[in-house]
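Input: a single structure, listed below in structure tokens.
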Amino acid sequence: FRLLDSSKNDATSPTTQNTTSSTPAPPTSQIYAREVETSKAPPESIPSRAELQFFTLSDLECLVSECRSFDNYLPLVRKLGQVFSNADSLNASFLREGSCADGGSVAHRDDLTVDLVSARKAFELLSSLDQENVQSSLVNAMLMLTDSIRLEIGYRRESINAPNYLNQFVIWLENPEIRSPGYLEAAFPRLCHVLALLPLSHQKRLISYWSFCDSDYLLHLVGSFQQLITLRLLPSPRDFIANKDSSVCDAVVCLSYVYLASLLGATRLQSEFAGTRQTSDVASAPSDSPGLPPSDEDEDDEALSIPLGSFGLRSSSSSSSSHPSPICPPQQTPP
């Protein structure tokens, strides 16, 4: 009660009254104007490549050498978590400058700007460190990245139209540790899930990009997806239904991408070989002879030239009835 009486006396004292009267409360209109100005503040702009945390092969090698010299890999673990968990940072990493000197097939992949050789060497360098915290950081980064990609595909469709958006998937699939149990348990199935959710236009771009790869690269992709399917099927009970397992279905969809890329690449090589053969036949023919009629083999080549738009891929934004069903293996496959 004494405290209440003292507080009442303080409130009725002249000093308190003078203080309150000298600082009047702002009118309601001013408070509302400040709230409107705050709500109309411009959103944060998309950071440029100079503001992003990204990797190049030389930067990664310098960081690894510094960590080895001090026997402290915490800076590397922190930087890996920052770059590989952010789509913008990862898409800006390992970019190729002009045409790639290692391998002629890489120079024709103008659709994506990632340098596969640099990404492959970077993952080999990280695998050679034999540090569990480094691989754990990559696994956690993949989990965080796939969650954000799933939200972008479902709710922020405008953010996936960046020209380098598919770089992150190509970079992650270069990781040789992706078949290890640490990735196959949760991280790699989520990566296959977001690959299966890609829009139809992104599926076409990815298939077209893989069609320029050699057979060893495609075999590496097949082995990674097949390893995931095997891991899901072997320990399952007898009443297990593979069609109801989301990880198996997503891996099968990714395998269909690789199959279509192989088919498209073989068809392109066969058409180039047929064009070279026809040119050599015309050059060796006599000048007074008419043009050579098309042979049966040339007609077969034209029959195998399947356009990319008729692949019948599934679109994540529309129903399955609006697109044709996936194609069956052709009766005559290219060599």
Side-chain angles (χ1 to χ4, degrees), residues 84-85 87 90 112 138-157 160 165-211 213 217-237 239-264 311-329:
F84 282 86
S85 62
L90 190 56
L112 301 183
L138 290 176
V139 172
N140 295 331
M142 180 181 285
L143 292 174
M144 296 174 61
L145 180 65
T146 51
D147 290 341
S148 63
I149 292 175
R150 185 171 53 183
L151 293 177
E152 289 176 354
I153 294 176
Y155 303 100
R156 298 191 296 268
R157 299 297 293 269
I160 67 176
Y165 189 77
L166 294 178
N167 287 13
Q168 51 191 337
F169 303 105
V170 177
I171 291 175
W172 269 117
L173 290 174
E174 287 296 323
N175 188 2
E177 300 292 333
I178 207 169
R179 303 184 188 182
S180 61
Y183 288 89
L184 291 174
E185 184 177 356
F188 190 41
R190 292 191 186 182
L191 182 64
C192 296
H193 180 64
V194 295
L195 279 172
L197 291 179
L198 286 176
L200 188 63
S201 58
H202 290 62
Q203 296 177 15
K204 291 181 180 179
R205 288 184 57 199
L206 188 61
I207 291 172
S208 178
Y209 176 78
W210 282 346
S211 65
C213 301
Y217 180 81
L218 297 181
L219 186 61
H220 165 72
L221 295 179
V222 171
S224 301
F225 298 132
Q226 189 176 8
Q227 182 76 5
L228 175 59
I229 296 175
T230 305
L231 184 65
R232 299 291 298 181
L233 293 181
L234 281 183
S236 59
D239 56 349
F240 176 77
I241 301 176
N243 296 342
K244 295 184 179 180
D245 189 272
S246 59
S247 300
V248 175
C249 295
D250 296 334
V252 170
V253 172
C254 296
L255 280 178
S256 67
Y257 296 168
V258 182
Y259 165 72
L260 295 175
S262 176
L263 182 63
L264 182 61
F311 277 162
L313 298 176
R314 296 189 302 177
S315 176
S316 59
S317 60
S318 60
S319 60
S320 59
S321 60
S322 60
H323 296 284
S325 58
I327 62 170
C328 298

- For the pair Leu145 and Leu191, evaluate side-chain contact (heavy atoms from CB on, under 4.5 Å) and give the outcome as yes or no after the intermediate values. CA-CA 9 Å; Leu145 180 65; Leu191 182 64; over 6 Å; no
- Query: Considering residues at least two apart in sequence or located in another chain, which fulfil the side chain to side chain contact (heavy atoms under 4.5 Å, CB included) criterion with Val252?
  - Reply: Ile229, Val248
- Message: Can you tell me how far apart CG (Leu197) and OG1 (Thr146) are? Round to the nearest 0.5 Å.
- Response: 11.0 Å
- For Gln227, check side chain to side chain contact (heavy atoms under 4.5 Å, CB included) against everything at least two apart and list the hits. Arg179, Leu184
- Query: Rounded to the nearest 0.5 Å, how far apart are CD1 of Ile207 and OG of Ser262?
  - Reply: 11.5 Å
- Message: Using every non-hydrogen atom in the two residues, find where Cys249 and Asn243 come nearest and quote the distance to one decimal.
- Response: SG-O, 3.2 Å
- Nearest 0.5 Å, what's the CD-OH distance between Glu174 and Tyr217? 4.5 Å
- Task: Look at the side chain of His202 and the backbone N and O of Tyr165, then say whether any donor-acceptor pair between them is shorter than 3.5 Å.
- Result: no
- Task: I would like to know whether Leu173 and His220 meet side-chain contact (heavy atoms from CB on, under 4.5 Å); could you show each step before the answer?
- Result: CA-CA 9 Å; Leu173 290 174; His220 165 72; 5.6 Å; no
- By side chain to side chain contact (heavy atoms under 4.5 Å, CB included), which residues pair with Cys254, not counting sequence neighbours? Cys192, Leu195, Phe225
- Rounded distance (nearest 0.5 Å) linking atom OG of Ser247 with atom NE2 of His193: 9.5 Å
- Task: Check whether any side-chain heavy atom of Tyr209 lies under 4.5 Å from a side-chain heavy atom of Leu166, and answer yes or no.
- Result: no
- Heavy atoms, side chains only, cut-off 4.5 Å: are Ile149 and Gln168 in contact? yes
- Query: Are the side chain of Ser211 and the backbone N or O of Ser208 linked by a donor-acceptor pair below 3.5 Å?
  - Reply: yes
- Message: Between Asn175 and Met142, does the side-chain contact (heavy atoms from CB on, under 4.5 Å) criterion hold? Intermediate values first, please.
- Response: CA-CA 11 Å; Asn175 188 2; Met142 180 181 285; 5.6 Å; no
- Task: Report yes if the distance between the aromatic ring centroids of Trp172 and Phe84 is under 6.0 Å, otherwise no.
- Result: yes
- Task: For atom CD of Gln226, decide whether the heavy atoms of other residues, nucleotides or ligands shown that lie under 6.0 angstrom number more than 12.
- Result: no
- Message: So Leu228 and Pro189, do their side chains get closer than 4.5 Å, heavy atoms only?
- Response: yes
- Note on the structure: Separation between CG (Leu264) and CH2 (Trp210), nearest 0.5 Å, reads 13.0 Å
- Task: Could you tell me whether Arg190 and Asp250 have a side-chain N and a carboxylate O separated by less than 4.0 Å?
- Result: no
- Message: Working note: Gln203 + Leu200, criterion side-chain contact (heavy atoms from CB on, under 4.5 Å); need CA distance, chi angles, decisive distance, verdict.
- Response: CA-CA 5 Å; Gln203 296 177 15; Leu200 188 63; 3.9 Å; yes
- Query: Do Tyr259 and Leu255 come close enough that some side-chain heavy atom pair is under 4.5 Å?
  - Reply: no
- Message: Could you tell me if the side chain of Leu90 sits less than 4.5 Å from the side chain of Phe169, heavy atoms only?
- Response: no
